[in-house]
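As structure tokens, the structure follows; a few thoughts come after it.
We count ligands from 1, going down the list as the structure has it; atoms in each ligand are counted the same way. Because the structure is a prediction, the values reported are computed rather than measured.
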Amino acid sequence: MEEQLRQIQEEADRQLAGVTDQAGLDALRLKLLGKKGELTLLRRSMGSLPAEERPRAGQMINAVCNDITEKMDALGAKIKKQEQAKKLERESIDVTEPRKHTPIGCQHPVSLVQDQILKVFTGMGFDVVEGPEVELDLFNFELLNLPKNHPARDAQDTFYIEDNIVLRTHTSPVQARTMTSRKPPIRIVCPGRVYRADEVDATHSPVFHQMEGLVIDEDVTMSDLKGTLDAFARELYGEDMRTRFRPSFFPFTEPSAEVDLTCVNCHGKGCRVCKGTGWIEVLGAGMVNPKVLDMCGIDSKKYRGFAFGMGLERLVMLRYGITDMRALYEGDVRFLSQFRED
Ligand code: DAH
């Protein structure tokens, strides 16, 4: 048996010297120390030795087992280190290598202008409120004093989903929603997408964007409306901007006005954009009709309000000199990336 052990030890040393990876090491460990490994079998065969020889044989087998296990563990540690080093090398990154060109997105010009306007109004203490695009007839029309037979409800203008559900035709329903759910004082702006059954052309689209404003408090007057819109115009386009109010009609405001802005292109001198007048029309506005206040649960004897609504596409087109609205929706990246403002 001594001879057998010596041979196993020699053979093991020889094979260990040739092992270069974890798989080889595992195979060798199995061959020597596994369930049917050479040393395991040898240990089992000890039973056939005379009793007095067994302790010495056991010691010798243990010594060889320990020696081989130690060597294998040491080799295992070395292999692990080598494999880690190889992995690190494989995964190392050359930070000086030029990167692949990754196109960076940019904000859509409508979002850009919307954000600029929101910034001006939030700076004046307005909250931003949004509402659903699929809207109840109640909020889109009824509570805004647009009764069932009003011409604005004509099927030509409004996309009906069901009898009492529409795609909102303006952002004004957010006013009605807010008045029915909040107590004054109210100071909100409501940006969003609106829908009208219009044919697509250079100045029309069935989907476009508006921004609504609403202020309700005890002593709100028409001059607060004018002051607010003047401040807005100056903040957005410069100190020389003015607003001009012209009498108009909206069922939800009384009195109502259409509001012109100093032409952003010529700053009032008169040009092609403003057709020589120096003014461009950008807003509808007025004092909230007391009937609307009452219908929405706000006491019109105690409170007054002003409201305004503007189309964003028109402002975007004026600001960037875009003459065809379709360009805003075609998604041509070459066009859209011109408006990056950073
Ligand atoms: N909702 C109107 C429209 O879509 C715009 C408007 C006019 C909103 C006057 C207002 C307002 O809040 O006071 O044409």
Original post:
Between Thr169 and ligand 1, does any nitrogen or oxygen pair lie at a separation below 3.5 Å?
Top reply: no

Subject >> Atoms of ligand 1 close to Phe250 [distance to a heavy atom under 4.0 angstrom, numbered from 1] >> reply: 7 (C), 9 (C)

Subject >> Atoms in ligand 1 flagged as close to Thr253, the criterion being non-hydrogen separation under 4.0 Å >> reply: 13 (O)

Original post:
Between the main-chain N or O of Leu49 and the side-chain N or O of Arg54, is there a donor-acceptor pair closer than 3.5 Å?
Top reply: yes

Original post:
Are any of the side-chain heavy atoms of Phe126 and Ile188 separated by less than 4.5 Å?
Top reply: no

Original post:
Among Glu212, Met287, Met310, Arg196, whose heavy atom sits nearest atom 3 (C) of ligand 1?
Top reply: Arg196

Original post:
Closest heavy-atom contact between Glu212 and Ser172?
Top reply: OE2-OG, 2.8 Å

Subject >> Residues Arg193, Glu130: salt bridge by 4.0 Å N-O rule >> reply: no

**OP:** For Ala307, counting its heavy atoms only, list the atoms of ligand 1 lying under 4.0 Å from any of them.
**Re:** 12 (O), 13 (O)

Subject >> Under 4.0 Å to a heavy atom of Gln175 - the qualifying atoms of ligand 1, by number >> reply: 12 (O)

**OP:** Kindly identify the option in Phe252, Phe249, Phe208 whose heavy atom sits closest to atom 6 (C) of ligand 1.
**Re:** Phe252

Original post:
Heavy-atom contacts under 4.0 Å between Ala285 and ligand 1: side chain, backbone, both, or neither?
Top reply: backbone

**OP:** Taking only heavy atoms of Gly284 into account, list the atoms of ligand 1 that are under 4.0 Å away from them.
**Re:** 7 (C), 9 (C), 11 (C)

Subject >> Positive for side chain to side chain contact (heavy atoms under 4.5 Å, CB included) with Met72, one of Ile68, Leu75, Thr69 >> reply: Ile68

Subject >> Numbered atoms and elements of ligand 1 in range of Gln210, under 4.0 angstrom, heavy atoms >> reply: 3 (C), 4 (O)

Original post:
Shortest non-hydrogen contact from Gly213 to Gln175?
Top reply: O-NE2, 4.1 Å

**OP:** Would you mind checking which non-hydrogen protein atom is closest to atom 5 (C) of ligand 1, with the distance to 0.1 Å?
**Re:** Gly309 CA, 4.2 Å

Original post:
Taking C-beta and beyond as the side chain, do Val134 and Val166 meet within less than 4.5 Å on heavy atoms?
Top reply: no

Original post:
Just which atoms of ligand 1 are under 4.0 Å from any heavy atom in Ser172?
Top reply: 1 (N), 8 (C)

Original post:
In terms of atom number and element, which parts of ligand 1 are under 4.0 angstrom from non-hydrogen atoms of Gly286?
Top reply: 13 (O)

Original post:
Is there a donor-acceptor pair under 3.5 Å between the side chain of Gln210 and the backbone N or O of Thr171?
Top reply: yes

Subject >> Atom NZ of Lys148 with >12 non-hydrogen neighbours under 6.0 angstrom >> reply: yes

